Amino acid sequence: MTAVRTRFAPSPTGVLHLGGLRTALYNWLFARRHGGEFFLRIEDTDRQRSSEAHTKGLVEALGSFGLDLDGEPLLQSSRVERHREVARALLERGAAYRCYCTPEELAAMREEQRARGEVPRYDGRWRDRAGPPPVGVKPVIRFRRPDAEEVVVRDWLHGEVRYRNSQLDDLVLLRADGSPTYHLSCVADDHDMGVRQVIRGDDHLNNTPRQLQLIEALGWEPPEYCHLPLLLAPDGRKLSKRDEATDALSYLRAGYLPEAVLNYLARLGWSHGDREIFSISELIECFGREGLGASASRLDPDKLNWIGQQHIKTAAVDILCEGLRAQLESIGLNPEDGPPLEKVVEAWRERAETLAGMAKAARWAFSHEVELAEKAARKVLRPAAREPLAAARAALAGVAEWSAPGIHACIAETAESLGIGFGKLGQPLRVAVTGDTVSPPIDTTLDLAGRARTLERLGAALGYIEARAAAAAGSAAQG
RNA sequence: GUCCCCAUCGUCUAGUGGUUAGGACACCGGCCUUUCACGCCGGCAACAGGGGUUCGAAUCCCCUUGGGGACGCCA
């Protein structure tokens with residue numbers, strides 16, 4: 001097997017989006033799988049649209065997902081001298097030439113071609129032009145496309161893709177201001193970095209024949225290519241950059257575990273038998289080009305949620321605690337002012353899809369007041385619940401050890417003495433303490449709320465029932 | 001417009017000439033249960049259409065349709 005060296009080469013014109021993250025992931029997985037190297041190259045040759053902030057953001061985002069780099073990120077802009085050198089070499093050996101067309105002239109040319117129903121492409125008018133160049137026009141350097149019949153791209157997913165050479169034109173290598181363009185930079189950098197596998201988006205497939213010709217003209221060894229299909233929005237449309245769901249980091253902010261996002265992304269366009277859940281190391285173990293699919297896939301939030309939950313179920317407690325802490329803080333709650341986070345995590349690890357969801361569901365264990373959900377209160381905190389609640393409150397006040405088993409015994413005893421089922425007592429308690437009808441098992445719930453909060457809220461609930469009874473009596477008397 | 005890519009349940013996919021077309025998410029039942037969830041059992045549900053090749057096509061070829069991409073002194 002040849003050496004494995006992959007790279008992710010985004011342009012710093014925005015945040016890291018999901019499609020980019022998946023491309024990075026596949027490159028990373030492939031390198032890690034084969035003990036190769038994974039590089040990051042920032043394609044910032046378009047200074048107009050590139051920004052340092054985005055570069056930083058890209059590097060940090062990859063780090064947040066745990067995709068570690070070999071070596072420092074390479075800024076393409078730092079290599080323009082080398083790119084010019086390559087262009088000069090091509091010029092010297094006649095594989096490139098100067099073109100003195102103005103942008104206006106080119107635009108007019110394309111317009112005419114389009115009008116004639118032709119494919120707009122440079123017609124090579126300066127290819128072999130002799131004589132003096134026009135004054136006042138700075139030339140660009142164009143690549144002299146070779147005269148082959150066709151160019152064949154060998155791709156992991158698409159096999160041999162054939163392009164008629166006549167469809168290609170003489171691409172610009174160096175702009176009039178001397179700055180290199182994408183194809184030149186990309187080819188030169190990949191070569192100099194020793195990149196052997198180019199795994200990138202499908203949108204580059206049509207660029208590949210040109211790059212292949214360039215590589216050939218330079219006498220270099222072409223890398224292997226893999227053009228990944230696109231990621232689509234859930235509705236099947238193209239993923240919009242303005243869409244919040246496009247920002248890879250937004251999933252971390254929403255409380256998904258990084259490995260859950262990676263697991264989901266990995267399975268989107270790649271499969272390994274019937275297997276759905278992978279840890280990062282399992283992904284590295286299993287990942288291979290055999291499992292790659294060639295068709296575009298849609299994002300499915302439901303499936304992401306399910307995978308998110310599967311990972312929370314098995315994640316390490318301290319990781320979960322750390323994430324939960326951040327999520328609690330972000331909704332204005334003090335993680336110290338409540339039960340130990342490990343307990344919260346254990347209570348919810350099988351019922352949360354995200355850490356944000358967990359924090360939200362557990363907010364009653366950290367907040368001072370509990371908001372009664374109107375529907376739940378109306379349904380459960382009825383006059384009939386008054387006596388059981390009062391009895392439970394009295395009994396709970398005297399529980400020797402405030403723990404789930406202790407609480408359980410206490411509630412069971414109270415229910416029995418009242419001649420009602422455990423569940424009959426559980427729901428009023430739950431609504432009183434958490435404000436709603438859904439929470440972990442009631443003993444655990446009360447344990448998490450703590451004795452003080454529990455007793456206080458039971459008192460409040462009793463008050464609520466009183467008030468309601470009074471109101472009912474009032475309206476009955478009036479009617 | 002030209003070129004290129006893609007096409008199996010609603011979604012992600014398995015399948016590589018002979019399968020009752022498998023799994024997962026979602027959805028619908030049921031079990032478990034102290035609410036919710038987890039878990040378990042069951043159900044619904046697909047080879048885009050048309051031609052070939054073949055004893056036999058989801059699998060190979062062609063066309064159509066549909067979706068996507070590329071056609072810059074952007075990357």
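In what follows, every chain begins at residue 1, and chains take the letters A, B, ... in the order their sequences are listed. This is a predicted model, so every value here is computed, not measured. Atom set for the values below is all heavy atoms of this structure, side chains included, hydrogens, waters and symmetry mates excluded.
- B/rA70 is paired with B/rU2 under the Watson-Crick or G-U wobble criterion, all donor-acceptor distances under 3.5 Å.
- A/Pro10 comes within 4.0 angstrom of nothing in the nucleic acid, heavy atoms only.
- For the pair A/Ser271 and B/rA14, the criterion of a side-chain N or O lying under 4.0 Å from OP1 or OP2 is met.
- When heavy atoms are screened at a 4.0 angstrom cut-off, A/Cys186 is found touching no nucleic acid atom at all.
- Under the 4.0 Å criterion applied to side-chain N and carboxylate O atoms, A/Glu85 and A/Arg82 are assigned as salt-bridge partners.
- In the set B/rC4, B/rC6, B/rC25, the nucleotide with an atom closest to the side chain of A/Lys303 is B/rC25.
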Restricting to nitrogen or oxygen on both sides, can you table the protein-nucleotides 65-71 of chain B pairs closer than 3.5 Å?
unit_1 : atom_1 : unit_2   : atom_2 : d
B/rG69 : N2     : A/Asn206 : ND2    : 2.8
B/rA70 : O4'    : A/Asn206 : ND2    : 3.3
B/rC71 : O2'    : A/Pro120 : O      : 3.4

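- When the side-chain nitrogen and oxygen atoms of A/Thr45 are compared with OP1 and OP2 of B/rA75, one or more of them lie within a distance under 4.0 Å.
- Within 4.0 Å (heavy atoms only), A/Tyr264 reaches no atom of the nucleic acid at all.
- Contact annotation: A/His183 does not reach the phosphate of B/rA75 (side-chain N/O to OP1 or OP2, under 4.0 Å).
- Here B/rC5 presents its C1' atom at 10 Å from CG of A/Leu157, a figure rounded to the nearest Å.
- Between A/Tyr26 and A/Phe287, the distance from one ring center to the other falls under 6.0 angstrom.
- Pairing for B/rG39 goes to B/rC31, judged as Watson-Crick or G-U wobble with the two contacts each under 3.5 Å.
- A/Tyr264 and A/His311 share no donor-acceptor pair across their side chains, judged by distance under 3.5 Å alone.
- B/rC6 and B/rC60 have their P atoms separated by 11 Å, given to the nearest Å.
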Atom pairs, protein N/O to nucleotides 28-33 of chain B N/O, distance under 3.5 Å:
none

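- Sorted by first and then second residue, the salt bridge (charged side-chain N to carboxylate O under 4.0 Å, His left out) pairs with a member in residues 7-25 of chain A read A/Arg7-A/Asp190; sequence neighbours excluded.
- Distance CD1 (A/Ile307) to P (B/rA26): 10 Å, rounded to an integer number of Å.
- No side-chain N or O of A/Ser439 forms a donor-acceptor pair with one of A/Thr434 less than 3.5 Å apart.
- In this structure, the ring of A/Trp126 has its center no less than 6.0 angstrom from the ring center of A/Tyr97.
- Residue A/Leu106 is in base contact, counting any heavy-atom pair closer than 4.0 Å across all strands shown.
- Taking for each of A/Ile442 and A/Glu43 the nucleotide of RNA chain B with the nearest heavy atom, the 5'-most of the two is the partner of A/Ile442.
- Sparse packing is recorded around CZ of A/Arg98, with 12 or fewer heavy atoms of other residues, nucleotides or ligands lying under 6.0 Å away.
- Which of B/rC36, B/rC5, B/rU34 sits closest to the side chain of A/Arg430 comes down to B/rU34.
- Between A/Arg164 atom CZ and B/rC4 atom P the separation is 10 Å, expressed in whole Å.
- In this structure, A/Asp177 atom CG and B/rC73 atom P are separated by 13 Å, rounded to whole Å.
- B/rC25 and B/rU20 are spaced 25 Å apart, taking the P atom of each and rounding to whole Å.
- For B/rU13, one of the phosphate oxygens OP1 or OP2 lies less than 4.0 angstrom from a side-chain nitrogen or oxygen of A/Ser297.
- No side-chain donor from either of A/Glu282 and A/Asn263 sits under 3.5 Å from a side-chain acceptor of the other.
- Across all strands shown, B/rG10 is found opposite B/rC25 as a Watson-Crick or G-U wobble partner, with both distances under 3.5 Å.
- Considering A/Cys186, A/Ser185, A/Ser11 in turn, A/Cys186 is the only one that fulfils the side chain to side chain contact (heavy atoms under 4.5 Å, CB included) rule with A/Arg41.
- For a distance-only test at 3.5 Å, the side chain of A/His272 fails to qualify as a donor-acceptor partner of the base of B/rU13.
- Across all strands, A/Arg142 comes closer than 4.0 Å only to sugar-phosphate atoms, never to a base (heavy-atom distances).
- Atom CD in A/Glu112 sits roughly 20 Å away from atom P in B/rU2 (whole-Å rounding).
- Residues meeting the ring pair (Phe, Tyr, Trp, His ring centres under 6.0 Å) test with A/Phe278, sequence neighbours left out: A/Trp270.
- Using a 4.0 Å heavy-atom distance criterion, A/Gly423 is classed as a sugar-phosphate-only contact.
- Comparing B/rU8 with B/rC3, their P atoms are spaced 25 Å from each other, to the whole Å.
- Looking at which nucleotide of RNA chain B each of A/Ala352 and A/Thr102 is closest to, the 5′-most match is held by A/Ala352.
- Under a 4.0 Å N-O distance rule, the pair A/Arg144/A/Asp128 qualifies as a salt bridge.
- Nucleotides B/rC4 and B/rC61 are separated by 16 Å at their P atoms, to the nearest Å.
- Residue-environment remark: CD (A/Glu374) stays at or below the threshold of 12 foreign heavy atoms within 6.0 Å.
- Formation of a donor-acceptor pair under 3.5 Å by the A/Asn165 side chain with backbone atoms of A/Ala148 is found in this model.
- Taking only side-chain atoms of A/Leu205, from C-beta outward, the nucleotide of B/rC5, B/rA26, B/rC12 with the closest atom is B/rC5.
- Distance noted for atom C1' between B/rA58 and B/rG49: 14 Å (whole Å).
- Atom pair A/Arg267:CZ and B/rU13:P shows a separation of 7 Å (rounding to whole Å applied).
- If you take atom P in B/rC47 and the same atom in B/rG22, they sit 13 Å apart, rounded to whole Å.
- Taking atom P on both B/rC12 and B/rA26, the two are 15 Å apart, rounded to the nearest angstrom.
- Surrounding CZ of A/Arg125 are more than 12 heavy atoms belonging to other residues, nucleotides or ligands, all under 6.0 Å away.
- The environment of A/Arg451 atom CZ is dense: over 12 non-hydrogen atoms of other residues, nucleotides or ligands sit within 6.0 angstrom.
- Checked against B/rC73, B/rU35, B/rG23, the side chain of A/Asp274 finds its nearest nucleotide in B/rG23.
- Sorted by first and then second residue, the salt bridge (charged side-chain N to carboxylate O under 4.0 Å, His left out) pairs involving residues 199-218 of chain A (not counting sequence neighbours) are A/Asp169-A/Arg210.
- Separating the P atom of B/rC5 from that of B/rC62 is a span of 11 Å, rounded to the nearest Å.
- In this structure, CZ of A/Arg351 is placed 11 Å from P of B/rC36, rounded to the nearest angstrom.
- Summarising the geometry, the separation between CZ on A/Phe422 and P on B/rC36 is reported as 15 Å, rounded to the nearest angstrom.
- Among the heavy atoms of the strands lying under 4.0 Å from A/Ala294 are primed sugar atoms or P, OP1, OP2 only; no base atom is included.
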Protein and nucleotides 39-47 of chain B: nitrogen or oxygen contacts under 3.5 angstrom:
unit_1 : atom_1 : unit_2   : atom_2 : d
B/rG39 : OP1    : A/Lys313 : NZ     : 3.2

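- Remark: B/rU53 base-pairs with no nucleotide; criterion is Watson-Crick or G-U wobble with both hydrogen-bond distances under 3.5 Å.
- Side-chain proximity of A/Gln427 to the nucleotides B/rA75, B/rU35, B/rG23 is greatest for B/rU35.
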